[in-house]
A.B. asks: 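I'd like to ask you about the structure that follows.
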Amino acid sequence: PDNNAPPMPWFGMDIGGTLTKLVYFEPRETNRRELDKETEVLKNIRRYLTRNSAYGKTGRRDVHLQMENVTIRGRRGTLHFIRFPTSEVGAFLQLARSKGMAALVNTIYATGGGAYKFEEDFIKEVNMRLSKLDELDALIAGVLFVDSMNPHECYYWAPPEQLTDTKDTPYLEAALSQYVRKPFDFSNPYPFLLVNIGSGVSMLVVNAPNDYYRVSGTSLGGGTFLGLCCLLAGCSSFEEAIALAASGDNTTVDKLVRDIYGGDYERFGLRGDLVASSFGHMCAAERRARVSRADLARATLVTITNNIGSIARLCASNERLERVVFCGNFLRVNPLSMKLLSYAMSYWSKGALKALFLEHEGYFGAVGCLLHYDN
Ligand code: ADP
């Protein structure tokens, strides 16, 4: 046993613009002596976290993402993945306090803007010191670690080999519905473009574990999608916005190439069903009067997703990269955006670019923080 190891509990935390991600390392009890050494408070915290999947009103554990047999600082254990809205940090601290957290001598590694913004509150409420790490360093360390531990981490969406009869369904929609998820071997990843779609978007060129730079970004990200869905379609949660978008039709909102040309713009190979002008139909009062909430949510999703895809593609071709890895919680429960990105990457690069995705979506920054117990 490592006597210099920092005291438990071990947490990695990413306090983002929208969601706070918390990764908890549950040590596997190896012997009686260790079990006896665990204090009451520590035991209670461990039981509380691992026996529930909901905490307070808004905290959730993503049980399906749990990782067994992970080794950190020579200890074997299980990683648990927990999230709650950053707007609820106050309630989270109250909860942690009520579980006796303040009685423990504890430093936790944290990243994201909230690690700065809420630093004082953590000390005051639960006697927790936040050791702050850079969010992009943590993100990359987390991606590489989780991928090395989980053989199914990386995957892609494969298009149908042959599109089965589409009859009345528009081409793109028929194609997307037939995409299937397939595992991707990420053991030789470099170089790649990492696109993190959180509230906003960051794009990084990663050449090696410690060799990366931020090339680009856009403020039109997951926060924009949700904000616009709240405004335009009266949504009150991300899940609602995604479900609504999945049932909507953006062609009543967007102006397509065929709305302008009557068909394809053949000279430059632009198919008639491509969007020429996002929200372009909404200038007309009679169209606005007929549009549904679902169509507006769908158009918002398509607009934001395609804009990110197009910036990612430009970055990748500028930097001569072939693999584009997408992560961030915008892709949570959102296969539609993943398939749109896959389609767009491949279509606009004539097959040269591959879009890849990661199972632990938005948790990499928090995992990267947890890894610091290893140092
Ligand atoms: P950040 O670190 O900026 O909070 P995340 O990677 O956690 O970034 O992604 C936040 C985005 O994920 C939101 O803008 C929204 O689009 C999406 N999202 C997914 N699940 C939720 C949720 N339960 N509540 C709010 N937003 C969510």
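As a basis for the values below, the full set of heavy atoms in this structure was taken, side chains included, without hydrogen atoms, waters or symmetry mates. Start at 1 and go down the list; that is how both ligands and their atoms are numbered.
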A.B. asks: Cation-pi check, K21 to Y363: give yes when NZ or CZ is under 6.0 Å from the six-membered ring centre and within 45° of the ring axis, no otherwise.
C.D. replies: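 Negative - K21 is either too far from the ring of Y363 or too far off its axis.
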
A.B. asks: Students should find this: residues with any non-hydrogen atom under 4.0 Å from ligand 1. What is the answer?
C.D. replies: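 Heavy-atom contacts below 4.0 Å: G16, G17, T18, L19, K21, R83, G198, S199, G222, G223, L226, F238, E239, G328, N329, F330, R332.
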
A.B. asks: A side-chain contact here means heavy atoms from C-beta on lying under 4.5 Å apart; do M282 and V253 qualify?
C.D. replies: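 They are in side-chain contact.
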
A.B. asks: State yes or no: are the ring centers of F11 and Y109 separated by less than 6.0 Å?
C.D. replies: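 Not under 6.0 Å, so no.
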
A.B. asks: Between R332 and E239 (salt bridge meaning N to carboxylate O under 4.0 Å), is one present in this structure?
C.D. replies: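 Salt bridge present between R332 and E239.
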
A.B. asks: When you measure from the centre of the six-membered ring of Y155, is the NZ or CZ of K182 under 6.0 Å away and within 45° of the axis?
C.D. replies: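 Judged by the rule (NZ or CZ under 6.0 Å from the ring centre, within 45° of its axis), K182 is not positioned above Y155.
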
A.B. asks: Counting the benzene-type ring for Trp, do Y55 and Y48 have ring centres under 6.0 Å apart?
C.D. replies: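 Ring centres of Y48 and Y55 closer than 6.0 Å.
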
